[in-house]
Amino acid sequence: MKLGFKKRAKQRESVVQTVPRAKENSSLMFSTFERQSKAERELYSSLREAVPIIDAAICKIVRLIGNFKVIAHDKRAQSVIDDFIRNVNISGSSRGMYGFLCTYMDELLTYGEAVGEMVLSKDGEQISALYNASLDDVQIVPCKSPLKLLVCKNDLGEITPVKNQELVFTTLLNPKAGTARGISVLKSLPFVSSILLRIFGSIKTNWERVGDVRFAVTYKPEQNGAALTQESAKQIADEWKKAMRSDSVCDFVSVGDISIKAIGAENQMPDCDIPIRHIMEQIISKLGIPPFMLGISWSSTERMSEQQADILTSELEYYREILNPVISKIISTQLRLCGFNCGFDIEWNNINLQDSVELSQARLNNAKAMQIEKEYDLEACIE
């Protein structure tokens, strides 16, 4: 009796039909897929250094995302997960998975891309550290199929794929269609930031010119008198310098018609409050942080409205969803290395941006409404 076994069909890789053949290039060095340049990353870094409000907003977003906990479906694996989240080494400087994710999210917001690595212990039985890779040391390129991304390292100008791709992971923020690159939240800010920096530079120059009071000494000799000689002009100048540079109060005494005016005293500094506020509004609207959270009070009654809280909450929820795959990959890898094959859930802390007084008043109103409904139902049943 013959047992007929069907041959298992060879699994074929999915093919993307909308990619032109010109982009099907197996060369990593000359791949035609668009990638982020080092000059663009340096521009975003300089923006954070030059404009403090941009740096403060990104730091606030990272902190507002909050902390999380992982609940394992198998109770025996819960202690392994808790110990790993609290004590895993990160970049050789500190411990805790939360610190790793903060740096990861900071890179993601600034550059639109982030790369991390799981470093195994010497025996290969568990993850000993999490490492935030510098984007200058790696490149994110697509494989033959644009559905898969390959993390490569720069070895003396030569791009070589990382050996164990399962131990590295990458995230792209709002990736542009048809490319292997993310979009930074600072994408549209270089132009308006350059205007703001020019205004600040002008203020600095004007205060250097006008803030340090400088004087012009003018001597008008008499028409019938002797001509002004070089020696007398030098004498007037020396006496003026002596009076101005003296440590104690000193009078300037001279003979003749001498007038002294402060240079720039008649000029007015241009009002820059309105243009600076317009530019700051553009920056804050792009970053999505309410002004008062950055220490800016444009109104005497500045406070977070319900609409602002909802918008900011939706932004934070979006960033949490971006981080969930990273957390899942790290935790699932650690569980498999420790011999567990159970599932788990990621639970984030509640985002509470509303006013506590308003929340308590809303709860009180809901309780009163429920009590009235119960009394009404009770009266209806008695009747």
Worked check of side-chain hydrogen bond (donor to acceptor under 3.5 Å, both in side chains) between N89 and R95: CA-CA 5 Å; N89 292 323; R95 294 177 179 271; 3.2 Å; yes
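- Residues S128 and L120 are not in side-chain contact: their nearest non-hydrogen atoms beyond the backbone lie 4.5 Å or more apart.
- Among pairs with a residue in residues 43-53, those fulfilling salt bridge (charged side-chain N to carboxylate O under 4.0 Å, His left out) read R48-D55, R48-D106, at least two apart in sequence or across chains.
- Taking each heavy atom of L47 and I54 in turn, the nearest pair found is O-CD1, 4.3 Å.
- Residues S94 and F100 form no side-chain contact, since every pair of their non-hydrogen atoms from C-beta on lies 4.5 Å or further apart.
- In this structure a side-chain-to-backbone donor-acceptor pair under 3.5 Å is present from Q165 to V151.
- Put simply, CD on E315 and OG1 on T313 are 10.0 Å apart, with the number rounded to the nearest 0.5 Å.
- In this structure, the side chain of N164 does not engage the main chain of E166 through any donor-acceptor pair within 3.5 Å.
- Not counting sequence neighbours, the partners of T103 by the side chain to side chain contact (heavy atoms under 4.5 Å, CB included) test are N132.
- Residue G96 comes nearest to I90 through the heavy atom pair O-CG2, 3.3 Å, listed as atom of the first residue, atom of the second, then distance.
- Counting heavy atoms from C-beta on, the side chains of S121 and I127 never come closer than 4.5 Å.
- The ring-ring contact (aromatic ring centres under 6.0 Å, His included) pairs that include a residue from residues 69-95 number zero, where partners must be two or more places apart or lie in different chains.
- Ion pairing between D137 and K153 fails under the 4.0 Å rule for side-chain N and carboxylate O.
- Distance check: I58 CD1 to I53 CD1 gives 11.5 Å after rounding to the nearest 0.5 Å.
- Residues Y98 and I327 do not share a hydrophobic cluster, clusters being chains of Ile/Leu/Val/Met/Phe/Trp/Tyr side chains in contact below 4.5 Å.
- Environment of CG in D345: crowded, with over 12 heavy atoms of neighbouring residues, nucleotides or ligands closer than 6.0 Å.
- A salt bridge links K187 with E40: the closest approach of a Lys/Arg side-chain nitrogen to an acidic carboxylate oxygen falls below 4.0 angstrom.
- For S45, the side chain to side chain contact (heavy atoms under 4.5 Å, CB included) test picks out Y111, with sequence neighbours left out.
- Evaluation of the side chain to side chain contact (heavy atoms under 4.5 Å, CB included) rule for Q78 yields I71, A72, D82 as partners, not counting sequence neighbours.
- In this structure, Q139 contributes its side chain and C152 its backbone to no donor-acceptor pair below 3.5 Å.
- Contact check for K38 versus R41: side-chain heavy atoms found under the 4.5 Å cut-off.
- Remark: L173 CG to R181 CZ distance equals 12.0 Å, nearest 0.5 Å.
- Counting heavy atoms from C-beta outward, L337 and E125 have side chains that stay 4.5 Å or more apart.
- Heavy atoms from other residues, nucleotides or ligands lying under 6.0 Å from CG of N341 number 12 at most.
- Proximity of a side-chain donor or acceptor of T110 to a complementary backbone N or O of E107 within less than 3.5 Å is not detected.
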side-chain contact (heavy atoms from CB on, under 4.5 Å) evaluation trace for L189 with V51: CA-CA 10 Å; L189 295 184; V51 186; over 6 Å; no
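- Closest heavy-atom contact between N154 and I159: OD1-CG1, 3.7 Å.
- Expressed to the nearest 0.5 Å, how far CG of L109 lies from OH of Y104 amounts to 11.5 Å.
- Of all heavy-atom pairs spanning G288 and L312, the tightest one is O-CD1, 3.4 Å.
- Linking Ile, Leu, Val, Met, Phe, Trp and Tyr whenever their side-chain heavy atoms come within less than 4.5 Å leaves Y131 and L167 in two separate clusters.
- L316 and Y318 fall within a single hydrophobic cluster, where Ile, Leu, Val, Met, Phe, Trp and Tyr are joined by side-chain heavy atoms under 4.5 Å apart, directly or via other members.
- Residues F344 and I331 are in side-chain contact: their nearest non-hydrogen atoms beyond the backbone lie under 4.5 Å apart.
- Using a 4.5 Å heavy-atom threshold, the side chains of E117 and L130 count as separate.
- The hydrophobic cluster containing Y319 also contains M97, counting ILVMFWY residues as joined when their side-chain heavy atoms lie under 4.5 angstrom apart, directly or transitively.
- By the 4.5 Å heavy-atom criterion applied to side chains, I330 and Q334 are not counted as neighbours.
- Residue I85 forms a side chain to side chain contact (heavy atoms under 4.5 Å, CB included) with just one option from V88, D83, I81, and that option is I81.
- Atom CZ of R198 sits about 11.0 Å away from atom CD1 of I279, to the nearest 0.5 Å.
- Annotation: the span from H278 atom NE2 to I274 atom CD1 amounts to 6.0 Å, rounded to 0.5 Å.
- When the ring pair (Phe, Tyr, Trp, His ring centres under 6.0 Å) test is applied to F68, the partners found at least two apart in sequence or on another chain are W348.
- Placement of V192 and I289 within a single hydrophobic cluster is found when ILVMFWY residues are connected by side-chain heavy-atom separations under 4.5 Å, directly or transitively.
- Here the closest non-hydrogen pair linking K329 and T333 is O-OG1, 2.7 Å.
- Remark: the backbone N or O of A114 is not paired with any side-chain donor or acceptor of T171 at under 3.5 angstrom.
- Closest approach of G182 and L172 over heavy atoms only: N-CD2, 4.0 Å.
- At distances below 3.5 Å, at least one donor-acceptor pair connects side-chain atoms of K286 with backbone N or O atoms of V185.
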